[in-house]
Student: 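Next up is a structure, given as structure tokens.
Numbers here are sequence positions counted from 1.
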Amino acid sequence: MPGESWPLVLVAAIILGAAAWLLLRAQQSPSLPTNIGGIRIEVIAPVLSEDRVLEQVWEVPVVLTNKTRRPRAVPVLAQRAEVRTKRARYIAELTTEVSWEREEDGARLELNPAGTTIGSVWVVLPAGEPPLRLRLQELQPKQRRLLARLTS
């Protein structure tokens with residue numbers, strides 16, 4: 001019955017297409033911790049910074065470490081981040097003590113071997129809603145989203 005096998009071929013093509021799409025999506029959104037150009041990016045458990053009556057200020061430390069034997073440039077991350085709770089998504093801000101990119105010429109911070117720099121993601125959430133997921137956006141050298149599950 002050669003004329004009746006086309007539904008089976010169609011289903012197989014749809015399954016292969018969905019698998020390819022999931023594989024590409026997983027490569028574009030690596031979960032943290034991850035390595036980008038020799039720099040390891042890790043997210044530490046969120047810390048409750050301020051506990052107000054109706055809201056809480058959370059800090060999520062982001063640690064970048066050079067794991068290679070040569071100096072490496074730090075990847076440029078967007079200042080805006082996204083934090084998810086059980087109920088909603090919130091905009092957060094990534095701050096650093098040392099600038100990771102110079103404004104004059106766009107040169108990026110280089111870390112020596114085993115060098116470390118720390119940034120913090122700050123977010124204000126309603127009281128009783130801890131942050132569960134964090135999404136950062138890498139801008140250079142490649143644009144991609146970095147996802148992390150947060151544990152308290």
Side-chain angles (χ1 to χ4, degrees), residues 13-152:
I14 290 172
I15 290 173
L16 284 174
W21 179 77
L22 287 174
L23 182 63
L24 282 173
R25 184 177 166 137
Q27 289 177 349
Q28 292 297 321
S29 298
S31 60
L32 295 174
T34 189
N35 286 323
I36 297 176
I39 301 289
R40 181 155 180 87
I41 302 176
E42 299 175 89
V43 175
I44 299 176
V47 177
L48 182 59
S49 179
E50 289 183 41
D51 192 3
R52 303 174 187 160
V53 175
L54 296 176
E55 60 189 17
Q56 297 173 329
V57 179
W58 290 86
E59 176 189 8
V60 182
V62 179
V63 180
L64 285 78
T65 307
N66 184 355
K67 294 291 188 179
T68 65
R69 295 182 180 179
R70 300 183 335 192
R72 297 285 183 175
V74 172
V76 177
L77 301 176
Q79 189 174 4
R80 180 180 167 170
E82 182 181 287
V83 172
R84 288 186 186 192
T85 64
K86 287 183 180 178
R87 297 183 184 167
R89 297 181 199 176
Y90 297 90
I91 295 174
E93 182 179 2
L94 175 66
T95 61
T96 59
E97 290 183 15
V98 178
S99 178
W100 293 350
E101 185 177 24
R102 284 197 305 243
E103 292 182 17
E104 308 90 44
D105 58 357
R108 292 186 283 159
L109 173 69
E110 287 191 357
L111 292 177
N112 287 323
T116 300
T117 186
I118 298 175
S120 296
V121 174
W122 295 91
V123 63
V124 178
L125 299 176
E129 286 197 39
L132 299 177
R133 291 186 181 190
L134 170 68
R135 179 170 32 183
L136 299 172
Q137 178 76 33
E138 179 190 5
L139 300 176
Q140 287 181 3
K142 187 177 182 181
Q143 288 197 4
R144 61 179 142 197
R145 292 184 202 101
L146 306 169
L147 305 173
R149 288 186 182 193
L150 305 174
T151 57
S152 301

Student: Could you tell me which non-hydrogen atom of Tyr90 sits nearest to which non-hydrogen atom of Leu125, and how far apart they are?
Tutor: CD1-CD2, 3.3 Å
Student: Closest heavy-atom contact between Ala45 and Pro61?
Tutor: O-CD, 3.8 Å
Student: Where do Leu132 and Lys86 land on the side chain to side chain contact (heavy atoms under 4.5 Å, CB included) test, with the steps shown first?
Tutor: CA-CA 7 Å; Leu132 299 177; Lys86 287 183 180 178; 3.4 Å; yes
Student: Working note: Arg135 + Arg84, criterion side chain to side chain contact (heavy atoms under 4.5 Å, CB included); need CA distance, chi angles, decisive distance, verdict.
Tutor: CA-CA 8 Å; Arg135 179 170 32 183; Arg84 288 186 186 192; 3.9 Å; yes
Student: With the side chain counted from C-beta on, respond yes when Val63 and Thr116 share a heavy-atom pair under 4.5 Å apart, and no when they do not.
Tutor: yes
Student: When you compare the side chains of Glu59 and Ser120, does any donor N or O come within less than 3.5 Å of an acceptor on the partner?
Tutor: yes
Student: Can you pull out every side-chain hydrogen bond (donor to acceptor under 3.5 Å, both in side chains) where at least one residue sits in residues 125-134? Sequence neighbours excluded, please.
Tutor: Thr85-Glu129
Student: Mark yes or no for whether Thr96, through its side chain, and Val98, through its backbone, hold a donor-acceptor pair below 3.5 Å.
Tutor: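 Present.
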Student: Please test Gln79 against Glu93 for side chain to side chain contact (heavy atoms under 4.5 Å, CB included), starting from the C-alpha separation and ending with a verdict.
Tutor: CA-CA 6 Å; Gln79 189 174 4; Glu93 182 179 2; 2.9 Å; yes
Student: Mind checking the CG-CD1 spacing from Leu136 to Ile41? Nearest 0.5 Å is all I need.
Tutor: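 Answer rounded to 0.5 Å: 7.5 Å.
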Student: Rounded to the nearest 0.5 Å, how far apart are CZ of Arg72 and CG of Asn112?
Tutor: 12.5 Å
Student: Going through the distances and angles, do Val43 and Leu134 end up as a side chain to side chain contact (heavy atoms under 4.5 Å, CB included)?
Tutor: CA-CA 9 Å; Val43 175; Leu134 170 68; 4.1 Å; yes
Student: Kindly give the heavy-atom pair with the smallest separation between Pro131 and Val83, and that separation in Å.
Tutor: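 The answer is CB-CG1, 3.4 Å.
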Student: Which residues satisfy the side chain to side chain contact (heavy atoms under 4.5 Å, CB included) test with Leu48, sequence neighbours excluded?
Tutor: Asp51, Gln56, Trp58
Student: Is any side-chain heavy atom of Leu111 closer than 4.5 Å to one of Thr65?
Tutor: no
Student: Any chance the side chains of Gln143 and Gln137 put a donor and an acceptor closer than 3.5 Å?
Tutor: no
Student: Could you tell me whether a side-chain N or O of Asn66 sits under 3.5 Å from a main-chain N or O of Ala114, the two making a donor and an acceptor?
Tutor: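 No, the answer is negative, given that no donor and acceptor are paired below the 3.5 Å cut-off.
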Student: For Leu77, run the side chain to side chain contact (heavy atoms under 4.5 Å, CB included) check against Leu146, Ile36, Val121 and tell me which one passes.
Tutor: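 Looking at Leu146, Ile36, Val121, the match for Leu77 under the side chain to side chain contact (heavy atoms under 4.5 Å, CB included) is Leu146.
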Student: I need the minimum non-hydrogen distance between Val123 and Ile91, along with the two atoms involved.
Tutor: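 Result for this residue pair: CG2-O, 3.8 Å.
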Student: Just jot down the side chain to side chain donor-acceptor pair (under 3.5 Å) partners of Arg69, sequence neighbours excluded, or say none.
Tutor: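 Here no residue qualifies.
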Student: Rounded to the nearest 0.5 Å, what separates atom CD1 in Ile39 from atom CG in Leu109?
Tutor: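 Going from the CD1 atom of Ile39 to the CG atom of Leu109 covers 8.5 Å.
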Student: Do you know the tightest heavy-atom contact between Val53 and Ala127?
Tutor: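 The pair with the smallest heavy-atom distance is O-CB, 3.9 Å.
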Student: Which atom pair, heavy atoms only, marks the closest approach of Pro113 to Thr68?
Tutor: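 For Pro113 versus Thr68, the nearest heavy atoms are CB-O, 3.4 Å.
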Student: Check Arg108 with Glu110, please: is the shortest side-chain N to carboxylate O separation under 4.0 Å?
Tutor: no
